[in-house]
There are 2 protein chains.
Amino acid sequence: MPTKPSPPAFAAAAGRTTIADVAEKAGVSKATVSRFLNRRDELLTPEIATRVESAIAALGYTPSPMAQALKRGRSRLVGLVVADVTNPFSVAVLRGAEKACQEAGYLLMLFNLGDDSQREREAIQALASYHVEGLILNTLGRDAGAAAAVARQGRPVVLVDRRHGNMQADFVSLDNAGAIRTAGAHLLECGWDELLFVTEPSEGVSSREERVAAFRAFLASHPQARGAVFESVAGDSQALERELQQLRARGRRPAVLASNAVITLRVAAAVARLGWNFGEDLGFVGIDETEWAPLVGPGLTTIAQPTDALGRLATACLLERLAGLNVPPRQILLQGELVVRRSSRQA
Amino acid sequence: MPTKPSPPAFAAAAGRTTIADVAEKAGVSKATVSRFLNRRDELLTPEIATRVESAIAALGYTPSPMAQALKRGRSRLVGLVVADVTNPFSVAVLRGAEKACQEAGYLLMLFNLGDDSQREREAIQALASYHVEGLILNTLGRDAGAAAAVARQGRPVVLVDRRHGNMQADFVSLDNAGAIRTAGAHLLECGWDELLFVTEPSEGVSSREERVAAFRAFLASHPQARGAVFESVAGDSQALERELQQLRARGRRPAVLASNAVITLRVAAAVARLGWNFGEDLGFVGIDETEWAPLVGPGLTTIAQPTDALGRLATACLLERLAGLNVPPRQILLQGELVVRRSSRQA
DNA sequence: TTGTAGGCGTTATCAA
DNA sequence: TTGATAACGCCTACAA
């Protein structure tokens, strides 16, 4: 009994077309096809080159990135780990990073932690196992081990918005101190002088800590302003309302500086429940520009983060490292932009 | 001069530890390790099993998914293509899908089109080249070819929210007609009887078309209501304002039904510019629940889509197909939930 | 300039 | 029950 004579043909039909198929069709060796693909410069006979070229076209051949990765150790994959995709800031950064990756011929593999910082190690390992060439991290970095291990393997890591304890890596972020100063100065200029900085509990998130510290520093250097810090926890809206009432009892020109969009949402909800009006009963500036900021109350003044640039720069840093750049960890801080609306209007 | 005697040691240090390292350490063959990993049932000598086990633990070995994918043709990767990550609906679906994937031991590879439908083919090919086992598509499907090719290769495709012309595939979506009926009936009950359905130009997006058609059907079956459809294009806010003014001129109880969150944003902006109040000058219901809906004006009534369930079900469909389920394309329609706020309040 | 052969890390087939 | 060995699709010395 003759065994089936056509296992290769069958395989080709079922699977995708491989370099061997191209080689056969062109009547050359696999090596020649590979060379044609990678280093066209290495003078191939024009005739052979065209033969290979048309075979590739005819078969619609594309190299398998997985096989390439396996062989060369490079995958043209960049891993992006986000603490929470639900966060518009992260999504905006993601888009910037994605564009930059695309332009450089890289593919972005996204891993979302869903705000479960336990999963960070798992995420990094998963990504590493797919041989991502580098990592962009917008995470807590509670578990320094995983990222450090990747870095030690010589794969560059870039941190966005959140530093990781002692990790040595490029870092790209909003200039938090500058943003706070801008916001605070704006509020003061508009006559709001009893300030409350509302933030999520810092829980080790560096950007939150930096913003609080910057706010305190701002107060110290502006004696004409009075201010306090309030940590708003997720479930407890009553505490926030009480705090706002006390704030208003303290001064005639009270204002809130919200440390991010999540807090802005909470403050806006509380203000609605209290029946107050932004820009009259309470001044307001929030970090993070959102599509809905113009629509809440009379419009909310915000500090817009350069999210697209953050994503692009993070990617750029990564690609430079990939290209061999070997300098100490860099820190890139970008300015926020004040978007004035009526929540901070002059008295 | 002796050449370096330890290329393997070096390679192991620089790269990751491989199955060969484990085999060596345990004093067995690679095949045995592989068997231990995959089919523990195939009775291994307990002693060998433990030896392998501890070698794996000692080395911290994890199999390389890429090598596995290369060998078995399966990658434990699911591809998700989104027309626009900026869309909160897509992100919410993404989260649901991601959870389901994680639970099943799959990794989600995200590709974002950035609303550039030209890139769909490119996205699908990129994903396919990484041997994703299946595809979840939340896209226009203008270019039927790419997805169809994947499907033809026996890789399941699931469509979310948007159908693709003639493509035969599982489809998971909001029950658009039901949602429109619910919203319309609610407005009528509350006394709003001069309706305007505002939508983005349909541009071949099936969900948009279905919603418009459902609205027309609703009008036809409710003679007491009067209504019209308005297509709002991205840049032209003036046209929308004019339309709203005409609407209000037509009837004493005018209301808008917004076909999604993008439109809700535009309508809210127009209403703010006109100085109107939702729930007084204009009734309102919008499809898509958002975090900011409670904060705009007196609170916006919405139809919340079961985004998490959509994502999970899409994944479930995919996994069933992967497991060999072979039935004709299914269509899974989920109900939306009416979230009543004051924008639709009774006269 | 082109082809042969070996190996990347796995799994699967076949002997032993 | 275990171990060689040959692929998977690709790249790259090295040889021709």
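Order of the sequence lines fixes the chain letters, A, B, ..., with proteins taken first and strands second; residue numbering starts at 1 for each chain.
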Are a donor atom and an acceptor atom from the side chains of B/His164 and B/Ser206 found within less than 3.5 Å of each other?
no
If we ignore angles and hydrogens, is there a donor and acceptor under 3.5 Å between the side chains of A/Arg119 and B/Gln102?
yes
Could you give the CG-to-C1' distance, from A/Leu37 to D/dG9, as a whole number of Å?
12 Å
Whole Å only: how far is the CZ atom of B/Phe36 from the C1' atom of C/dT10?
16 Å
Test item: [X] side-chain N/O and [Y] main-chain N/O as donor-acceptor pair under 3.5 Å:
| X | Y | value |
| --- | --- | --- |
| A/Arg51 | A/Ala26 | yes |
| B/Glu133 | B/Arg76 | yes |
| A/Arg321 | A/Val327 | yes |

Kindly compute the distance separating OG (A/Ser173) from CD1 (A/Ile332), expressed to the nearest 0.5 Å.
11.0 Å
So CZ of B/Phe171 and CZ of B/Arg330: to nearest 0.5 Å the spacing works out to 14.0 Å
Between B/Val160 and B/Asn138, the two heavy atoms sitting closest are O-OD1, 3.2 Å
Checking all strands, does B/Ser34 fall into the base, sugar-phosphate, or nothing category for heavy-atom contacts under 4.0 angstrom?
base
5' to 3', nucleotides 3-9 of chain C under a 4.0 Å protein heavy-atom cut-off (B base, S sugar-phosphate only, - none) gives BB-BBBB
Terminal helix-axis angle for the helix from C/dT1-D/dA16 to C/dA16-D/dT1, with five pairs defining each axis and rounding to 10 degrees:
50°
For B/Arg51 and for A/Met66, locate the closest nucleotide of DNA chain D by heavy-atom distance; then report the residue assigned to the nucleotide nearer the 5' terminus.
B/Arg51
